[in-house]
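These notes concern the structure reproduced below.
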Amino acid sequence: MKRFTAVATALLAMTLVACVGKSSQSTSAPKGCATIPVVSSPEKVELLTKLAQEFNGSAAAKNGGCVFVQVKNVSSGTQATLLSQGWPDEATNGPKPVIFSPAASAWGGVVNQRLADKGQQAVVPATFKSFMLTPLVIAMPKPMADALGYPATPIGYGDLLKLAQDPNGWASKGHPEWGAFKLGKTNPNFSTSALNATVAQYYAATGKQRDLSQEDVNRPEVAAFNKGVESAVVHYGDTTLTFLNNWYRNDTRGTALTYVSAIAVEEKSVIDYNKGNPDGILQAGENPRPPRVPLVAIYPKEGTLFSDEPLFILNADWVSPRQHQGAQAFSDFVQKPENQRQVLSYGFRPGNPQVAVGSPISKAYGVDPGQPQTTLTVPSPEVLVGIIDKWGEQRKSAKVLLVMDVSGSMGDDAGGETKLDLAKRAAVDALQEFKADDQVGLRIFSTGINPRGPDTDELDLVQVGPIAANREALATRIDSLTPTSGTPLYTVAKNSYAFLKASYDPARINAVVLLTDGKNEDPRNDDLNGTLNALRSGSEGLSTTPVRLFTIAYGKDADLADLKRMAEATNAAAYDASDPQTINKVFTAVVSNF
Amino acid sequence: MRARLLAFAVAVLMVAAAITIRGRMDKHHEDSTNPLRLVCSTELQAACEALPSSIQITYASAAETANSLSGTTPEQIDGWLTTGPWPEIVRERRQRNGADSLLTQSQPLGRSPIMVVAFQDRASVIKRNCPDISLKCVVELAGKGVWTAIPGGQPSWGQVKVSLTPPGVETSGLVPLAAATASYFGHADLSSTDLDDPGFGGWLNGLVGASRGDQLGQMVAVGPSVADFAITLEALAKPLVGAAANKPLLLYPSTVASADVVLGTFDTSRSRRLADVVKSSSVLRNAGWQSPSSAPSGLPPAGFLDALRAAWGEASR
């Protein structure tokens, strides 16, 4: 018995050492500790990871058995999609979460509704505590907000719609130099600010502040209101950071007032931007410089919604009682006033009312702690899902030229398949994301690919046309692609951009999506600056035919830096698919711009 | 005779011993695999969480539990901690259906007055327009729709937004509505025919239109953009407001009406044991409920409250 006691004591001691001995910086759970996987939306992942490390090293994590919190960055929309699919493919998507933390609790309703639609049980609980709060606002350069009389004159979505539909644009407010009113808005399938903005638009269209119903969503005049607002959108996307980074870069060049007029973002993003840190992430050695033209947060007069940053402890069959208890301990830990005070430094309002709202939530950073005056009620899950579905029909249509590299290196192995095989599959899958009214064409490129002339490096396999008619042809042609020769990147980027600009459609988002796995390998044109100048001159200032060039750097040999510069020259974004296995996700993110 | 007495004494002892052993066995069984089961109304969660861990607690809205207990196959539970008069409502419903009364409502175990929570600026306007914080008057303000229609109200405050838990679901909504209704009629001795009063429907509709549901926690966390004021129970508001950095004011109506916490029990030994545990604990006081009082609660009778719930449901459609 004594021997048994000694062995048991030794085992217990070893377990304790394993739990305590490992540094709180450790990324894997010490032996004997139950892991609590947390999926967090990007805006809070840094703070939540820091708090998780502190929690893992605290006594609270040892109470009732050792637990270890692990935080993974996953966008809110992706979290919701994966959860409603039962969180498949843990090898790719990470372990099934115990804590689901999107940016807004509305996503919990979306998950439960999607599960209910499939006859499955809800996994997201009705009760939760907010980690922190930030309201959705309309960010606008201060001179533009001044021109609209804000804050003395309250502004809402209705006012923006009027401005967007006014053929004189900003000239009607005495500023013809700012051109048309242009709105930046993300895609509500991915982005919480877009979901909240779309819900707020519906409320504004109905004049309601609560109880938005499916009947409201289906009303023709509501659809007309939303289509009017969406018509002012420059492009969509999966994250507001694309807009904020582009805006900041334009500010540096003195063109901030002609890039976009307003963006639907969270209040914290206005603070970050005005601090000179548009993406909210300070790299080591980065010295933030406040913008020349600061932004002002407009709190829509019809009301707004808060991103309430919930920590949902899932009621899923994969969550053990010990994990549930550990998750509750972590949830309590982040609510402690000393931890809640930290959220302020990230530009959020504390979730725990015991901690007062303070700096930087202040007018010095373009925001107003006394606002908003009206908080809108989150619609029921059925209505939320209905709104997301309707947005797919009401969003601004797109005209897109897919430009794919079929140079020899695309035939390289990428884990059993060639890079081209993976890219083809991703491109075909992405075609499903376009709506019937979108126009899509396919161009491929490689040195001397066009049999009609040795100097022509691109070949249009499917002319730009309605996807409803083109979908089959696009899929077939993409499927039959084979690798050929070199990579004339600069020429193809410039030509494709010019091609779409020449046939610009003002009612659509006009864009080129260019995928390449290499560097420019064309001795006939190695002039990057010339290429950038050509792209930029067609995009800057009051260009009436703005075309966006979205680039995908595919595989480790792709020149991401060049592609980023080319995309930014057109106020678009570059996407990194240096790991070929991520191409599906990346293609989905790129297509979220439309 | 002596032998017979001895035999009788032995028999009595054996029976007593058997009862004791059985009781202990039952108790052991109760503690481990068959714990006492309590259904706790959601608004009493803070108190119920502090009860001994040997009690298995389920949280459910009062309306949900009432519906279950009113049916033909009620949920198998040992007690229901809720706010009055829900057990009375269940008794009346069962009687109407010709069923047995099933459960008994205990004497009040705790009490909480009904009051109004508002941030300073809105509180000033409420006090200016309703000096005695009469709930009839406060609901009339809600019925104005927009703050510009109320003397002292600011245009930027927009629509009047009231936090009121859905009265059809929770006592924390039904009791304030009942108190406001008693205030409207000027007395609590009401019957369902009073609901036909010609002015009452419009007054009720005004509150329905302004109500944003239970937003007290969000209101305290976020501010008046969520709700301009709340009509609620002191026991629910005080812990939230007391801890808040930006404290709203607690406004008490001059005519007091209160919610009483009661325990609905059944005629079983398990239910009696549960009642002993609950009554002897101080969880209610610790959770902000006042000591029980023999003074009238100021609320209309249970039958009227059930009819009032239905009237709210009608007006909300």
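Proteins get letters first, then strands, A, B, ... in listed order; numbering begins at 1 in each.
Contact of A/P372 with chain B is made through backbone and side chain together, with heavy-atom distances under 4.5 Å. Heavy atoms of A/Y299 lying under 4.5 Å from chain B are absent altogether. Heavy atoms closer than 4.5 Å to chain B are found in the side chain of A/T377, but not in its backbone.
Heavy atoms of other residues, nucleotides or ligands lying less than 6.0 angstrom from OH of A/Y150 number more than 12. By the neighbour-count criterion of 12 heavy atoms within 6.0 Å, atom NZ of B/K238 is sparsely surrounded, having that number or fewer from other residues, nucleotides or ligands.
Side-chain contact check for A/E309 and A/S101: no donor-acceptor pair (N or O, by modelled atom type) lies under 3.5 Å.
For the side-chain hydrogen bond (donor to acceptor under 3.5 Å, both in side chains) with A/T192, the qualifying choice from A/S307, A/S41, A/S76 is A/S76, the only one to do so.
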